[in-house]
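Taking it in order: structure first as structure tokens, then the write-up.
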Protein chains: 2
Amino acid sequence: MQKSREDRQSAAPEYHVDRQVGFFLRQANQRHVAIFANGIGDKLTTTQWSALSKLKEIQPCSQNQLGRETAMDVATIKGVVDRLVKRGFVATAPDQNDGRRVVLSLTEDGLTVIAANVSAAVAATEETLAPLTSGERMMFLELLQKIC
Amino acid sequence: MQKSREDRQSAAPEYHVDRQVGFFLRQANQRHVAIFANGIGDKLTTTQWSALSKLKEIQPCSQNQLGRETAMDVATIKGVVDRLVKRGFVATAPDQNDGRRVVLSLTEDGLTVIAANVSAAVAATEETLAPLTSGERMMFLELLQKIC
DNA sequence: TGATACTCATTCGCATACAAATGAAAAATT
DNA sequence: AATTTTTCATTTGTATGCGAATGAGTATCA
């Protein structure tokens with residue numbers, strides 16, 4: 001068998017960044033974020049949407065807890081919540097029992113903006129997975145979850 | 001068949017952010033970036049590594065071209081290249097034929113740092129995919145590429 | 001009770017990531 | 001040759017994302 005050029009010099013296998021998982025993960029995430037931003041009407045980012053949606057499920061809750069539930073760093077969730085508060089989607093209140101905590105809850109506007117964008121969020125998921133068949137989607141999601 | 005609680009009110013299916021592709025993609029990417037940062041010795045980020053590795057393949061080339069090859073925005077590749085130049089891994093020179101272009105090339109230190117970290121980069125890929133079997137990895141990579 | 005450890009929120013610094021605007025230079029078109 | 005379009009690099013502004021440090025409050029345990 002014909003040896004490749006680098007095998008003549010050494011046994012080191014070729015390395016190509018653009019064939020590594022990390023390279024694809026970054027790109028896939030980029031594509032999804034772009035699709036989401038494009039489809040959503042209220043200039044909500046994917047992380048802001050995650051925070052809002054999760055807050056609807058578990059409110060009231062503290063900032064750090066919301067961060068854990070949405071896989072965001074304390075510094076990250078702080079910035080996200082700040083922007084949502086600034087836009088009037090989230091309200092903050094001091095916790096009576098725990099002086100450190102800030103209790104988060106959705107405002108009326110917050111509930112409204114969620115309701116107005118659920119279908120767009122679903123559509124973004126759909127478009128992201130569009131290149132895959134139904135069977136491939138299930139397989140892909142299962143494997144993707146394993147490496148989280 | 002027993003109807004679920006929300007079906008009694010409306011036909012709207014449940015929506016859970018933490019079951020959407022985007023949620024998993026962000027987390028999977030986060031995990032890989034963390035693994036890479038942890039394993040690499042020279043404080044190189046995943047994007048910096050991509051730029052260095054790709055530059056080795058295609059040098060000399062312009063900044064924008066390197067950005068396209070590594071799937072980075074013009075503003076993003078600018079910042080990445082700036083930091084690599086600052087650390088002495090990449091050299092810049094004006095293009096003789098095209099007055100707009102900045103020709104990029106690797107320095108000796110750049111080649112050295114690549115050689116010193118290829119094994120760590122391979123290990124990071126390996127660790128990221130560790131939860132998957134060999135067969136699952138091939139399947140996963142194939143599907144992941146489809147949604148890039 | 002008092003020391004220790006933990007949790008929560010905040011802040012700083014650094015590094016992506018992209019939209020949008022700008023200016024310069026090159027290429028394509030008329 | 002003149003106009004238009006494209007390309008390249010840069011800059012500004014906004015939004016994640018994480019490490020690390022800080023300070024305030026809570027919990028634990030000797």
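The figures that follow rest on heavy atoms only: side chains count, while hydrogens, waters and symmetry mates do not. Just so it is clear: chains get the letters A, B, ... in the order the sequence lines come, proteins before strands, and each one is counted from 1.
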Rounded to whole Å, the NZ-P distance (B/K86 to C/dA15) equals 8 Å
Let me know, please, whether B/Q30 or A/N97 comes out on the 5' side of the other along DNA chain D by nearest nucleotide.
B/Q30
D/dT7 phosphate, OP1 or OP2, under 4.0 Å from B/N64 side-chain N/O
no
Could you tell me the separation between the CG atom of A/L55 and the CG atom of A/L66, rounded to the nearest 0.5 Å?
5.5 Å
Expressed in angstrom and rounded to an integer, what is the separation of B/L84 atom CG from C/dA15 atom P?
10 Å
Less than 6.0 angstrom from the centroid, inside 45 degrees of the normal: does B/R26 satisfy that with respect to the ring of B/F24?
no
Given C/dA15, is OP1 or OP2 found less than 4.0 Å from the side-chain N or O atoms of B/T47?
no
Kindly indicate, with the supporting measurements, whether the criterion side-chain hydrogen bond (donor to acceptor under 3.5 Å, both in side chains) is fulfilled by B/Q20 and A/T125.
CA-CA 7 Å; B/Q20 310 297 313; A/T125 294; 2.8 Å; yes
Report all interatomic pairs (protein N or O, nucleotide N or O of nucleotides 1-4 of chain D) with separations under 3.5 Å.
none

Gap between atoms CD and P, on A/Q65 and C/dA9 respectively (whole Å):
9 Å
Phosphate OP1/OP2 of D/dA15: any A/T45 side-chain N/O under 4.0 Å
no
Test: B/K86 and B/D82 ion pair at under 4.0 Å
no
Does C/dT10 have OP1 or OP2 under 4.0 Å away from a side-chain N or O of A/Q63?
yes
Identify which nucleotide among C/dA19, D/dG17, C/dC8 has an atom closest to any side-chain atom of A/T76, counting heavy atoms from C-beta outward.
D/dG17
Length of the CZ-C1' vector between B/R68 and D/dT7, whole Å:
8 Å
Atom CZ of B/R101 to atom P of D/dT7: distance rounded to whole Å?
11 Å
Pairwise salt bridge (charged side-chain N to carboxylate O under 4.0 Å, His left out) hits with a residue in residues 117-141 of chain B, at least two apart
A/K146-B/E136, B/E126-B/R137
